[in-house]
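Predicted, not measured: the structure shown is a model, and the values here were computed from it.
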Amino acid sequence: MDVQLITASAFDLPSSQRVDAIVHDGATDLRTWPGPGPDRDLAEHYGPELQNVLTRERERLDGGALPIGGMLRLHRGKLHCDFLLWVATRPPENKGIQAPAPREETLSRAVKDALAFVAERHVARVAFGPLGAGPDALDEVRRLVLVAKAANAYYDEAFQSGRPAGVEEVLVCHPYSSKVAEARRHLGRAVKVVQPPARPASTATTTRRRSSGGRSKRSAKPRAPARPKVRLTEEEIGRAKATAEVYDRSREYEPGDYFVHPKFGVGRVEELTPQGFIMVLFEGGETRRLLHRRP
């Protein structure tokens with residue numbers, strides 16, 4: 001399972017990064033907080049039907065609320081996913097005062113339980129934002145790190161217990177690249193960083209740039225040449241397709257071994273990790289972490 005940081009809102013992912021499920025944490029009574037924050041962002045991207053959807057689901061619940069840690073699968077609305085997963089991490093507001101943000105233990109448990117929930121529904125790709133907003137919340141970067149670490153812990157626990165993780169990719173999202181970069185520094189190689197394709201600039205922005213006139217007082221620094229992307233050669237791919245065996249997670253692999261993965265195609269083992277995984281370079285140019293030596 002790949003855990004990836006991406007500079008984008010979980011509610012506004014580009015089409016190339018479309019996921020099967022988006023996880024949002026909120027109040028147990030399924031009511032959204034009207035002030036600035038993730039609830040408002042969700043409402044803006046979901047569309048005007050959100051409140052009606054939440055009201056209908058609330059009426060079906062015993063007592064009109066979920067328990068802390070409870071989950072509910074909702075229609076996707078206008079979101080680019082198959083469904084929205086609402087995870088209850090805080091009590092309802094009390095007389096117009098928002099409940100305090102959930103604690104770290106609650107958030108970590110919510111991430112693991114959400115991954116288990118979507119895995120049972122054959123979800124391959126799932127997106128999280130920085131869960132745990134609210135009064136006295138942890139810093140956003142710290143919450144991004146917490147989500148990523150909890151996702152990796154879920155995968156490691158599944159591996160240790162001998163059960164499949166189910167989910168293949170977890171996207172941990174934030175719209176600001178500075179937050180993503182800081183979270184990446186905390187996480188090291190435990191995650192990948194994905195840069196979504198740049199969106200075309202709006203006409204207004206282009207016009208302003210053209211009308212500004214003049215030259216910048218500072219000359220732009222020359223960009224360093226991009227490092228060539230490592231890929232398997234055509235010869236390697238053709239030879240592996242003809243001779244390599246199908247990937248088997250029970251087999252023990254060594255660097256340099258080739259196999260054919262049913263989804264990702266020809267892969268070459270690049271390294272063994274201290275945690276007992278293999279890092280595999282696939283014919284599409286992506287490197288993924290896979291299991292091996294698993295009974």
Q | Residue pairs fulfilling salt bridge (Lys or Arg N to Asp or Glu O under 4.0 Å) with at least one residue in residues 25-34, sequence neighbours excluded | A |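 As it turns out, the salt bridge (Lys or Arg N to Asp or Glu O under 4.0 Å) pairs with a partner in residues 25-34, which skip direct neighbours, are D25-R90, D29-R31.
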Q) Can you list every salt bridge (Lys or Arg N to Asp or Glu O under 4.0 Å) pair that touches residues 39-48, not counting sequence neighbours? A) none
Shortest non-hydrogen separation from [X] to [Y] and the atoms involved:
{"X": "A151", "Y": "L115", "value": "CA-CD1, 3.8 Å"}
{"X": "V87", "Y": "A114", "value": "CG2-CB, 4.3 Å"}
{"X": "P175", "Y": "T7", "value": "O-CG2, 3.5 Å"}
{"X": "T28", "Y": "P91", "value": "OG1-CA, 4.0 Å"}
{"X": "K179", "Y": "L144", "value": "O-CD1, 4.1 Å"}
{"X": "C173", "Y": "A8", "value": "CB-O, 3.0 Å"}

Q) Between E245 and R251, does a side-chain contact (heavy atoms from CB on, under 4.5 Å) hold up when you go through it step by step? A) CA-CA 11 Å; E245 297 180 356; R251 176 181 164 184; 3.6 Å; yes
Under 4.5 Å between any side-chain heavy atoms of [X] and [Y], yes or no?
{"X": "V269", "Y": "L290", "answer": "no"}
{"X": "E271", "Y": "I278", "answer": "no"}
{"X": "E49", "Y": "N52", "answer": "yes"}
{"X": "R249", "Y": "P164", "answer": "yes"}
{"X": "L272", "Y": "H292", "answer": "yes"}
{"X": "Q4", "Y": "V172", "answer": "no"}

(Q) Just to verify, what does E182 make a salt bridge (charged side-chain N to carboxylate O under 4.0 Å, His left out) with, not counting sequence neighbours? (A)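 For E182, no residue satisfies salt bridge (charged side-chain N to carboxylate O under 4.0 Å, His left out) once neighbours in sequence are set aside.
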Q. Looking at the rings of F11 and H80, which for Trp means the six-membered one, are their centres under 6.0 Å apart?
A. no
Q.
Between H261 and F282 (judged by ring centroids, cut-off 6.0 Å), do the two rings come close enough to count as a pair?
A. yes
**Q.** Short N-O contact, R268 and E283, less than 4.0 angstrom
**A.** no
What pairs of donor and acceptor atoms, side-chain ones from residues 116-135 against any protein atom, are under 3.5 angstrom apart with sequence neighbours left out?
{"residue": "R121", "atom": "NH1", "partner": "F117", "partner atom": "O", "Å": "2.8"}
{"residue": "R125", "atom": "NE", "partner": "E169", "partner atom": "OE1", "Å": "2.9"}
{"residue": "R125", "atom": "NH1", "partner": "Q17", "partner atom": "O", "Å": "3.4"}
{"residue": "R125", "atom": "NH1", "partner": "R18", "partner atom": "O", "Å": "2.6"}
{"residue": "R125", "atom": "NH2", "partner": "Q17", "partner atom": "OE1", "Å": "3.0"}

Starting at [atom1] of [X], measure out to [atom2] of [Y] and round the result to the nearest 0.5 Å.
{"X": "Q51", "Y": "R58", "atom1": "CD", "atom2": "CZ", "result": "7.5 Å"}
{"X": "I6", "Y": "S177", "atom1": "CD1", "atom2": "OG", "result": "12.5 Å"}
{"X": "L84", "Y": "L72", "atom1": "CG", "atom2": "CG", "result": "9.0 Å"}
{"X": "L171", "Y": "L5", "atom1": "CG", "atom2": "CG", "result": "9.5 Å"}
{"X": "D82", "Y": "R76", "atom1": "CG", "atom2": "CZ", "result": "6.5 Å"}
{"X": "R293", "Y": "D248", "atom1": "CZ", "atom2": "CG", "result": "14.0 Å"}

Q | Listed partners of A181 passing side-chain contact (heavy atoms from CB on, under 4.5 Å), at least two apart | A |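 Counting only residues at least two positions away or on another chain, A181 forms a side-chain contact (heavy atoms from CB on, under 4.5 Å) with R185.
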Q: Just jot down the side-chain contact (heavy atoms from CB on, under 4.5 Å) partners of E105, sequence neighbours excluded, or say none.
A: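 E105 satisfies side-chain contact (heavy atoms from CB on, under 4.5 Å) with R103 once adjacent residues are dropped.
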Q.
Can you tell me if D136 has over 12 outside heavy atoms packed within less than 6.0 Å of its CG?
A.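 At most 12 heavy atoms, drawn from other residues, nucleotides or ligands, come within 6.0 Å of this atom.
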Q. Considering residues, nucleotides and ligands other than K149, do more than 12 of their heavy atoms fall under 6.0 Å from its NZ?
A.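 No, NZ of K149 has 12 or fewer neighbouring heavy atoms, counting only those of other groups under 6.0 Å.
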Between the main-chain N or O of [Y] and the side-chain N or O of [X], is there a donor-acceptor pair closer than 3.5 Å?
{"X": "E236", "Y": "T233", "answer": "yes"}
{"X": "T106", "Y": "P102", "answer": "no"}
{"X": "R288", "Y": "M1", "answer": "no"}
{"X": "D257", "Y": "E254", "answer": "yes"}
{"X": "W86", "Y": "G70", "answer": "no"}
{"X": "Y155", "Y": "E168", "answer": "no"}
{"X": "R239", "Y": "T243", "answer": "no"}
{"X": "R231", "Y": "G284", "answer": "yes"}
{"X": "R73", "Y": "L85", "answer": "no"}

Q: Start with the C-alpha gap between L146 and S108, add the side-chain angles, then the distance that decides, and say whether side-chain contact (heavy atoms from CB on, under 4.5 Å) holds.
A: CA-CA 7 Å; L146 186 151; S108 294; 3.7 Å; yes
(Q) Below 30° counts as parallel, above 60° as perpendicular, anything between as tilted: where do the rings of Y247 and Y253 land? (A) parallel
Q.
Go through it in stages, so that I can follow the logic: the residues are R56 and E59, the test is salt bridge (Lys or Arg N to Asp or Glu O under 4.0 Å), and I'd like the CA-CA distance, side-chain angles, deciding distance and then a yes or no.
A. CA-CA 5 Å; R56 286 196 299 268; E59 291 172 352; over 6 Å; no
(Q) Is there a side-chain contact (heavy atoms from CB on, under 4.5 Å) between L232 and V266? Walk through the geometry before answering. (A) CA-CA 9 Å; L232 299 179; V266 172; 3.9 Å; yes
Q) Transitively linked via ILVMFWY side-chain contacts under 4.5 Å: L61 with L50? A) yes
Q) Out of curiosity, does I68 fall in the hydrophobic cluster containing W33 (side-chain heavy atoms, cut-off under 4.5 Å, transitive links)? A) no
Q: Take R142 and E104, measure what side-chain contact (heavy atoms from CB on, under 4.5 Å) needs, and give me the verdict at the end.
A: CA-CA 10 Å; R142 190 172 172 184; E104 290 187 48; 2.5 Å; yes
Q.
Can you see whether F277 has R289 sitting over its ring - NZ or CZ less than 6.0 Å from the centre and within 45° of the normal?
A. yes
